[in-house]
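So the structure is just underneath, and the comments pick up after that.
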Number of protein chains: 2
Amino acid sequence: MKPKLTLKQIARELDVSVSTVSKALRDKTEISEDTRQKIKAFAKLYNYRPNNIALSLKNRKTRTIGILIPEIVHHFYATVIAGIEKVAHEQGYNVIICVSNNSFDHEVMNLEMLAGGSTDGFIVAVAKETQQRGDYHHLKEVIHQGMPMVLFDRIVEEVECDKVIIDDEEGACMAVKHLLERGCRRIGIITTVDYVSVGKLRTQGYRKALESCGIPVDEQLVLKIEDMDRSEEQIAQFLREQKMDGIFGVNEEFSTSAIRALHKMGVKVPDQVRVVSFSDGSLSARFIPSLTTINQHGAEMGEKAANLLINRLEADPGEEEPYKTQMIHTSLVERESSL
Amino acid sequence: MKPKLTLKQIARELDVSVSTVSKALRDKTEISEDTRQKIKAFAKLYNYRPNNIALSLKNRKTRTIGILIPEIVHHFYATVIAGIEKVAHEQGYNVIICVSNNSFDHEVMNLEMLAGGSTDGFIVAVAKETQQRGDYHHLKEVIHQGMPMVLFDRIVEEVECDKVIIDDEEGACMAVKHLLERGCRRIGIITTVDYVSVGKLRTQGYRKALESCGIPVDEQLVLKIEDMDRSEEQIAQFLREQKMDGIFGVNEEFSTSAIRALHKMGVKVPDQVRVVSFSDGSLSARFIPSLTTINQHGAEMGEKAANLLINRLEADPGEEEPYKTQMIHTSLVERESSL
DNA sequence: TTGTAAGCGTTATCAA
DNA sequence: TTGATAACGCTTACAA
């Protein structure tokens, strides 16, 4: 590793003082045109780049936002990130991303690192394992230390900070109502266990939609997937055992697994069973049949989250507002699977 | 933003010197058991966290690896990242990820930021727009400044650094030979324009496989997609106009679009047309029919890249080895689409 | 117009 | 056993 060019070296080389170099490079008029040109030329020639680390230390600001997400293979998170980056770049912030891989330990590690000076604040979706454990001390600690945090998607009620969430219940409700309108009467749901907050809310929306239409919830039609690795077979079994004319999957994985299983059973989608899915991927439009989905507007979510965070970062001390939770509305995209 | 707890404040609070605090917290035996306990208790109570920025400045090392990728919605990149993280964490490095969104400007910006002190080195897959422009000055500059870089996947020949690439040609060759073995004789390829290096190599592999079996390449059967937004219709048209019994898609997107189009035309896969795809996603196993793919071993790629980088980072100055290019081999995963 | 010095948070060296 | 000081690279008040 070659040592990098510093102001000091430039100063020594050109026989001026460090501060002269600093000022010249920042176009201060107090430095004579002459020296300024000389210094800038030299810096350009040797490709001087100011050391952000030193700047951060000096300013006690990094102008960097840290994003911490559970998984990276997620179209939904990708769109959220795009939204965050858009706002961040507009406001002169950089963005770095860390991935917890849904592991509690990774999450803690990454948060520690980011909190250790790399970023001014966080935008976080907590890991599944963290939600399962219910151990949020790392989040609270970091906030307590004065680093602003915005939780999104996989949020935690008991952590006090700004939050942005999808209106999961509303979305699920919309999905199920759509199936009802299409004439489905025995509608099943394939969802996650309840400690995953979004799964829980989507299940609630499912119940609400049915109840609002006077249809009692048949618990036999509620499948909660515990173990993702065994989801395929669980779903297949569920479909074999229960007779349904509509299925609501809380994510694309579950929904496509269901269609696959139905396909194997010789059951036609949408002719015999209609399917609506919550969408977190680009798979929906591509699948055969293409999936009717509840669309999550990830970019909007990212933009809101970034704005919330930047507002905190730039708020004058003392005039902080109370924490907000913003809802992002979903929308129904009709495709082949529910025709 | 609350100011964070520093050594200085602890020192003032406990009426000792900064250096005593520093030493106590790092368990130096020169500090008496007594003071040490006192200081550590205080630090723990108020949740002291050393400022990494200051440490980085002091050590001129961040122990952080920067990854710069074109897109984040990519299963393949996700697996590479996982591989990098594995090795990095084992060696005590952190990882931060930046996304160029395939934009040249984003790539330059992100690289500048990372080069500005946030990381010790890079692992980069260049943006499509960058490959198109052929402008690599930002990469060269950063390397010239002494920051080690490893290019992977979307590499650039003319940039001198370590590289890790998939053996795309071999993989493509394997795919086409598989189709030939299954009896296909009119095999089409759906690929990218040639400035995308992987597309080019895969096209070469396609030609090589055919030629090695004495089958002349029919240029009518080579579809180069220019504009991703119009890929669907281009592919549909291609399939309507050309008669084929085998199709090789250089990515899942192309392959699934093809199957979709065939499905609409009433052509059965694999009965009438067999399909093999290069795989960069989790879609393959899930699709109906599931896709026979050339698997890319992203994790292995990530591990190799991380090892190359860390070797550079920890090499004693003067004893640097010449730059290496490592090949990652692919493997064929047979599924329904080529049965 | 240029330079000196202090400070950001930390650690290493040396002195007390 | 503890503390003062310098240094990492940079900016900025202030002095020259």
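Protein atom CD1 of A:I39 is 13 Å distant from nucleotide atom P of C:dT1, rounded to whole Å. One interatomic measurement links the two molecules: CG of B:D27 to P of C:dA12, which rounds to 14 Å at whole-angstrom precision. Rounded to an integer number of Å, the gap from NZ of B:K58 to P of C:dA12 is 7 Å. A straight line from CD of A:Q37 to P of C:dT2 spans 12 Å, rounded to a whole angstrom. Following rounding to the nearest Å, B:L55 (CG) and D:dG9 (P) show an atom-to-atom distance of 15 Å. Between the CD1 atom of B:I53 and the P atom of C:dC8 there is a distance of 16 Å, given to the nearest Å. Here the P atom of nucleotide D:dG9 and the CD atom of A:Q9 are 8 Å apart, to the nearest Å.
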Kindly determine whether B:L151 and B:D162 satisfy side chain to side chain contact (heavy atoms under 4.5 Å, CB included), including the steps that lead there. CA-CA 6 Å; B:L151 287 177; B:D162 290 317; over 6 Å; no

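Contact check, A:R60 against C:dG7: no side-chain N or O comes under 4.0 Å of OP1 or OP2. Phosphate proximity of D:dG3 to B:T20: present, with a side-chain N or O under 4.0 Å from OP1 or OP2. Residue A:S32 places at least one side-chain N or O under 4.0 Å from the OP1 or OP2 atom of C:dT2. Taking only side-chain nitrogens and oxygens, A:R36 never comes nearer than 4.0 Å to OP1 or OP2 of C:dT1. Proximity of A:S22 to the phosphate of D:dC10: no side-chain N or O atom is located under 4.0 Å from OP1 or OP2. Remark: A:Y48 is not in phosphate contact with D:dG9, judged by side-chain N or O atoms under 4.0 Å from OP1 or OP2. The side chain of A:T35 contributes an N or O atom lying less than 4.0 Å from OP1 or OP2 of C:dT2.
One axis for each end of the helix from C:dT1-D:dA16 to C:dA16-D:dT1, each built from five base pairs, and the angle between them comes to 60° at 10° resolution.
Ring pair A:F104/A:H137 is tilted by interplanar angle, where 30° to 60° counts as tilted.
When each of A:T35, A:T29, A:D34 is paired with A:S32, the side chain to side chain donor-acceptor pair (under 3.5 Å) condition holds for A:T35 and for no other.
Considering only the side chain of B:A54, C:dG9 comes nearest among D:dG9, C:dG9, D:dC8. Side-chain atoms of A:E30 lie closest to C:dT1 of the nucleotides C:dT1, D:dA7, D:dA4. Candidate nucleotides D:dT2, C:dT10, D:dC10 were compared by shortest atom distance to the side chain of B:I31, and D:dT2 ranks first.
Base contact: A:V18 has a heavy atom under 4.0 Å from a base atom.
Within the model, atoms CG of A:L57 and OG of B:S56 stand 9.5 Å from one another, a figure rounded to the nearest 0.5 Å. Atoms OG1 and CG, on B:T62 and B:N94 in that order, are 9.0 Å from each other to the nearest 0.5 Å.
With the nearest nucleotide of DNA chain D identified for both A:K23 and A:L5, A:L5 has the one nearer the 5' end. Map B:L57 and B:D15 each onto its nearest nucleotide of DNA chain D; the residue landing nearer the 5' end is B:D15.
Between A:E71 and A:R154 there is a salt bridge, with a side-chain nitrogen of the basic residue lying less than 4.0 Å from a carboxylate oxygen of the acidic one.
One N or O donor and one acceptor, one from the side chain of A:S19 and one from the base of C:dT4, sit under 3.5 Å apart.
Side chain of A:S118 to backbone of A:M113: a donor-acceptor contact under 3.5 angstrom is found.
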